[in-house]
A.B. asks: 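One structure follows; several queries about it will come next.
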Amino acid sequence: MIRIGYPCINRTLKCRPDKTFRLSSFSKSLFIEKVENNLKCLLEILDFNFKNQIYFFRISSDTIPFASHPVNRIKWELIFKDILTEIGKKIKEYNIRVGMHPDQFVVLNSPDNEIVKRSIKELLYHLKLLESLDTKRDAKIQIHIGGAYGDKKSAIERFIKNYNKLPSSLKERLVIENDERLYTLKDCLYLSERLGIPIVADYFHYRLNNCGERFGEILRDVIKTWRPEDGPPIIDYSSQKGLTKLGRHTQRINLKNFAIFLEEIIKIDSDFDIMLEIKDKEVSAIIAINFLKRKGLWKDPVSI
DNA sequence: TCACGTCAAGCAGAT
DNA sequence: ATCTGCTTGACGTGA
């Protein structure tokens, strides 16, 4: 079974779930106003997703603004307990898988211990949000391995050392993703062997940065890093952005390219959750789902 | 109401 | 040295 998802915001709906503000204007009332907006919007998005058979969604890291910043000592998980519970119930009722992707400032393998500390605080925020929604360990927190600092070998060892210091509740949720410049899927597989961490294969990053292997071939090793409790393996699929120097981001999914990508993965006997990192988000997700239906590759998980 | 300077955080590669 | 991309614009002051 293949499910399709999209990240963070829905452009069809009027609401936005990632409203934030400047640090300089931080106040409890502004914070509460934004969080309330973001959580209500998340509810709307879940309704939209269910109606459109989108059973996979990435929750914005901006849902709780400045969640890991020292100025923020507000107990949001208590203040918003009711709506967080309501969101959690919808996620379960709709059978939607959620996850999060902390931004580039989370670097577990930095040589600067302060950066590592801040990164862990930020990861603990992501964990707290996913736990407050009563999700299980299939709701993943997806990170990159980090920098190389001119010495990739020791940077990898530093990742291992720091990862091993994390609480197990966090380790259960973390997954690593290959990036477009430094760490390939092969590097991720090495880390997974050492740590038992599952791997998100990013197809676009793979195309920019690989060791000459076929995607479908290395994917067979990648899916072995996922245990049943982790949920189906996640693949990130994105468009040409970054390849063209013109700043031309593909606005919409290109079904010809998507079909080539699907060819690679449908040969493998596994479920997949595919995150579409495409500019028009839910529109392309619906197009992709309709494409899967036409190809006979779609099963509605609710009707099974 | 709108223009526009700037926004918590890291890193690497291009310019 | 500075800018850019990364999941991607949008906050909010000042006119």
Side-chain angles (χ1 to χ4, degrees), chain A residues 5-11 14-27 30-31 33-34 37-38 41 45 56-73 98-126 140-152 155-156 158-159 162 175 177-184 200 202-205 208-209 234-251 253 274-282 284-285:
Chain A
Y6 65 98
C8 304
I9 68 168
N10 180 307
R11 291 176 189 275
K14 281 197 191 74
C15 73
R16 290 291 171 267
D18 59 349
K19 285 284 184 189
T20 183
F21 50 88
R22 296 290 161 85
L23 179 59
S24 57
S25 46
F26 191 96
S27 73
L30 191 54
F31 173 80
E33 177 194 321
K34 299 297 182 186
N37 167 81
N38 294 347
C41 185
I45 290 176
F56 187 31
F57 183 67
R58 181 184 296 164
I59 295 173
S60 171
S61 295
D62 282 332
T63 304
I64 313 293
F66 303 101
S68 71
H69 193 281
V71 301
N72 190 352
R73 308 185 60 85
V98 296
M100 297 183 80
H101 191 342
D103 62 30
Q104 62 271 29
F105 307 108
V106 170
V107 186
L108 268 187
N109 74 346
S110 173
D112 181 339
N113 203 39
E114 291 304 308
I115 291 172
V116 176
K117 272 195 209 163
R118 283 197 291 273
S119 298
I120 292 172
K121 276 190 81 177
E122 180 73 357
L123 289 175
L124 289 173
Y125 147 61
H126 285 77
K140 293 303 186 189
I141 301 169
Q142 178 178 337
I143 57 172
H144 291 287
I145 293 164
Y149 312 94
D151 180 0
K152 214 164 137 180
I156 287 176
R158 212 162 36 241
F159 183 95
N162 291 336
V175 290
E177 178 194 349
N178 58 310
D179 65 71
E180 75 279 33
R181 285 198 302 272
L182 299 173
Y183 293 99
T184 60
V200 172
D202 186 305
Y203 180 65
F204 185 61
H205 293 164
L208 294 169
N209 185 19
I234 295 169
I235 301 176
D236 282 0
Y237 175 88
S238 61
S239 53
Q240 292 289 314
K241 79 175 104 166
L243 261 191
T244 55
K245 206 68 207 117
L246 298 160
R248 297 245 19 104
H249 295 187
T250 305
Q251 182 69 18
I253 189 167
I274 299 169
M275 179 59 66
L276 294 185
E277 293 177 340
I278 289 173
K279 238 185 158 186
D280 67 5
K281 311 271 181 189
E282 76 286 350
S284 283

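A note on names: the letters A, B, ... follow the listed sequences, proteins ahead of strands, and every chain is numbered from 1. Values below: all heavy atoms of this structure, side chains included; hydrogens, waters and symmetry mates excluded. Not measured: the values here are computed from a predicted model.
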A.B. asks: What is the separation between atom CZ on Phe204(A) and atom P on dG5(C), rounded to the nearest whole Å?
C.D. replies: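 Going from Phe204(A) (CZ) to dG5(C) (P), I get 13 Å.
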A.B. asks: Roughly how far, to the nearest 0.5 Å, is the NE2 atom of His101(A) from the OG atom of Ser61(A)?
C.D. replies: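 With rounding to 0.5 Å, OG (Ser61(A)) is 8.5 Å from NE2 (His101(A)).
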A.B. asks: By the 4.0 Å heavy-atom rule, please label Ser25(A) as base, sugar-phosphate, or nothing.
C.D. replies: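 Sugar-phosphate, no base atom in range.
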A.B. asks: Without decimals, in angstroms, what is the distance between Asn109(A) CG and dA12(B) C1'?
C.D. replies: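 Nearest whole value for this atom pair: 13 Å.
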A.B. asks: Whole angstrom is fine here: how far is it from OH in Tyr183(A) over to P in dC11(B)?
C.D. replies: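 Nearest whole value for this atom pair: 11 Å.
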A.B. asks: Can you tell me how far C1' in dT4(C) sits from the matching atom in dC7(B), rounded to whole Å?
C.D. replies: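 Per the computed distance, 16 Å lies between those C1' atoms.
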A.B. asks: Rounding to the closest angstrom, what is the interatomic distance between dA8(B) and dG14(C) at atom P?
C.D. replies: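 Rounded to whole Å, the distance is 16 Å.
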A.B. asks: Whole angstroms only, please: what is the NE2-C1' distance between His144(A) and dG5(C)?
C.D. replies: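 Value for this atom pair: 11 Å.
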A.B. asks: Taking the minimum atom-to-atom distance to the side chain of Arg118(A), which one of dA9(B), dT8(C), dG12(C) wins?
C.D. replies: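 Ranking dA9(B), dT8(C), dG12(C) by closest atom to the Arg118(A) side chain puts dA9(B) first.
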A.B. asks: Considering only dG10(B), dA8(B), dT8(C), which nucleotide approaches the side chain of Tyr149(A) most closely?
C.D. replies: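 For Tyr149(A), the side-chain atoms sit closest to dG10(B).
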A.B. asks: Figure out the CG/P separation between Asp179(A) and dA12(B), and round it to whole Å.
C.D. replies: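 From Asp179(A) CG to dA12(B) P: 10 Å.
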A.B. asks: So which one's nearest nucleotide on DNA chain C is more toward 5', Cys8(A) or Arg16(A)?
C.D. replies: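 Of the two residues, Cys8(A) wins.
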A.B. asks: With sugar-phosphate meaning primed atoms plus P, OP1 and OP2, does Phe66(A) contact a base, only sugar-phosphate, or nothing at under 4.0 Å between heavy atoms?
C.D. replies: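 Touches a base.
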A.B. asks: So, OP1 or OP2 of dC11(C): does either fall under 4.0 Å of a side-chain N or O from Lys19(A)?
C.D. replies: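 Checking Lys19(A) against dC11(C): at least one side-chain N or O falls below 4.0 Å of OP1 or OP2.
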A.B. asks: Pick base, sugar-phosphate or nothing for Pro102(A), based on heavy-atom distances below 4.0 Å to the nucleic acid.
C.D. replies: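 The residue Pro102(A) makes base contact.
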A.B. asks: What integer number of Å spans the C1' atoms of dT7(C) and dC2(B)?
C.D. replies: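 One C1' to the other, the span is 28 Å.
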A.B. asks: Walk me through it: do Phe56(A) and Met275(A) pass the test side chain to side chain contact (heavy atoms under 4.5 Å, CB included)?
C.D. replies: CA-CA 7 Å; Phe56(A) 187 31; Met275(A) 179 59 66; 3.7 Å; yes
A.B. asks: For dG9(C), does OP1 or OP2 lie under 4.0 Å from any side-chain N or O of Lys279(A)?
C.D. replies: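 Answer yes for this pair, as a side-chain N or O of Lys279(A) is under 4.0 Å from OP1 or OP2.
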A.B. asks: Could you state the atom-to-atom distance from NE2 of His69(A) to C1' of dC7(B) in whole Å?
C.D. replies: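 It works out to 12 Å between those atoms.
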A.B. asks: Distance from Cys8(A) atom SG to Glu277(A) atom CD, nearest 0.5 Å?
C.D. replies: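 Here the rounded value is 9.0 Å.
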A.B. asks: According to the interplanar angle, ranging from 0 to 90°, do the rings of Phe26(A) and Phe66(A) count as parallel (below 30°), tilted (30 to 60°) or perpendicular (above 60°)?
C.D. replies: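 Ring orientation of Phe26(A) relative to Phe66(A): perpendicular.
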A.B. asks: Within the structure shown, what part of the strands sits under 4.0 Å from Leu182(A) by heavy-atom distance: base, sugar-phosphate, or nothing?
C.D. replies: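 Sugar-phosphate only.
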A.B. asks: Between dC11(B) and dA10(C), how many Å separate the two P atoms, rounded to a whole number?
C.D. replies: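 Each nucleotide's P atom is 27 Å from the other's.
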A.B. asks: Would you mind reading off the distance between Phe21(A) atom CZ and dT13(C) atom P, rounded to a whole angstrom?
C.D. replies: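 Checked: the CZ to P distance equals 13 Å.
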A.B. asks: I want to confirm an ordering. Mapping Pro7(A) and Arg22(A) to their closest nucleotides on DNA chain C, which one lands closer to the 5' end?
C.D. replies: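 This one resolves to Pro7(A).
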A.B. asks: Assign Asp18(A) to base, sugar-phosphate, or nothing according to its heavy-atom contacts below 4.0 angstrom with the strands shown.
C.D. replies: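 Result for Asp18(A) = nothing.
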A.B. asks: With both distances under 3.5 Å as the test, what is the Watson-Crick or G-U wobble partner of dC2(B)?
C.D. replies: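 dC2(B) is paired with dG14(C).
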A.B. asks: Kindly indicate whether the side chain of Arg58(A) and the base of dT7(C) share any N or O donor-acceptor pair separated by less than 3.5 Å?
C.D. replies: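 No, the side chain and the base share no sub-3.5 Å donor-acceptor pair.
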A.B. asks: Would you indicate which nucleotide in dG12(C), dC6(C), dG10(B) comes nearest to any side-chain atom of Glu180(A)?
C.D. replies: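 Ranking dG12(C), dC6(C), dG10(B) by closest atom to the Glu180(A) side chain puts dC6(C) first.
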A.B. asks: Is the distance between the ring centroids of Tyr6(A) and Phe57(A) less than 6.0 Å?
C.D. replies: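 Centroid separation for Tyr6(A) and Phe57(A): below 6.0 Å.
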A.B. asks: If you measure from the P atom in dA3(B) to the same atom in dG5(C), how many Å do you get, rounded?
C.D. replies: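 The answer is 23 Å between these two P atoms.
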A.B. asks: Between dA12(B) and dG9(C), how far is it from one P atom to the other, in whole Å?
C.D. replies: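 Rounded to whole Å, the distance is 26 Å.
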A.B. asks: Could Asp236(A) and Arg58(A) be called an ion pair, given the rule that one side-chain N must be under 4.0 Å from one carboxylate O?
C.D. replies: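 Looking at Arg58(A) together with Asp236(A), the answer is yes, because their closest N to O distance falls below 4.0 Å.
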A.B. asks: May I have the step-by-step check of side chain to side chain contact (heavy atoms under 4.5 Å, CB included) for Phe31(A) and Val71(A), ending in yes or no?
C.D. replies: CA-CA 11 Å; Phe31(A) 173 80; Val71(A) 301; over 6 Å; no
A.B. asks: When you measure from the side chain of Val107(A), which nucleotide among dT7(C), dA8(B), dG10(B) comes out closest?
C.D. replies: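 Nearest listed nucleotide: dG10(B).
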A.B. asks: Once you round it to whole Å, what is the distance between C1' of dA12(B) and CD1 of Ile145(A)?
C.D. replies: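 Computing the Ile145(A):CD1 to dA12(B):C1' distance gives 15 Å.
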A.B. asks: Just to be sure I understand the rule, does Arg11(A) reach a base, reach only the sugar-phosphate, or reach nothing, if contact means heavy atoms closer than 4.0 Å?
C.D. replies: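 Sugar-phosphate: the residue Arg11(A), judged by heavy atoms under 4.0 Å, touches backbone atoms but no base.
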A.B. asks: If only atom types and distance count, is the side chain of His205(A) paired as donor or acceptor with the main-chain N or O of Asn178(A) below 3.5 Å?
C.D. replies: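 Flag set: sc His205(A) to bb Asn178(A) pair under 3.5 Å.
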A.B. asks: Are dA9(B) and Phe105(A) stacked, with the base six-membered ring and the side-chain ring centres under 5.5 Å apart and planes under 30°?
C.D. replies: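 Stacking between Phe105(A) and dA9(B): present.
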A.B. asks: Describe the nucleic acid contact of Ser119(A) in one word from base, sugar-phosphate, nothing, applying a heavy-atom distance below 4.0 Å.
C.D. replies: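 Nothing: the residue Ser119(A), judged by heavy atoms under 4.0 Å, touches no strand.
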A.B. asks: Which base sits across from dT7(C) as a Watson-Crick or G-U pair, both distances under 3.5 Å?
C.D. replies: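 In the structure as shown, dT7(C) has no Watson-Crick or wobble partner.
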A.B. asks: Ignoring backbone atoms, test whether His205(A) places a side-chain nitrogen or oxygen under 4.0 Å from the OP1 or OP2 oxygen of dT7(C).
C.D. replies: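 The answer is yes; a side-chain N or O of His205(A) sits under 4.0 Å from OP1 or OP2.
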A.B. asks: Does the structure show a Watson-Crick or G-U wobble partner for dA9(B), both distances under 3.5 Å? Name it, or say none.
C.D. replies: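 Its partner is none (no Watson-Crick or G-U wobble pair with both distances under 3.5 Å).
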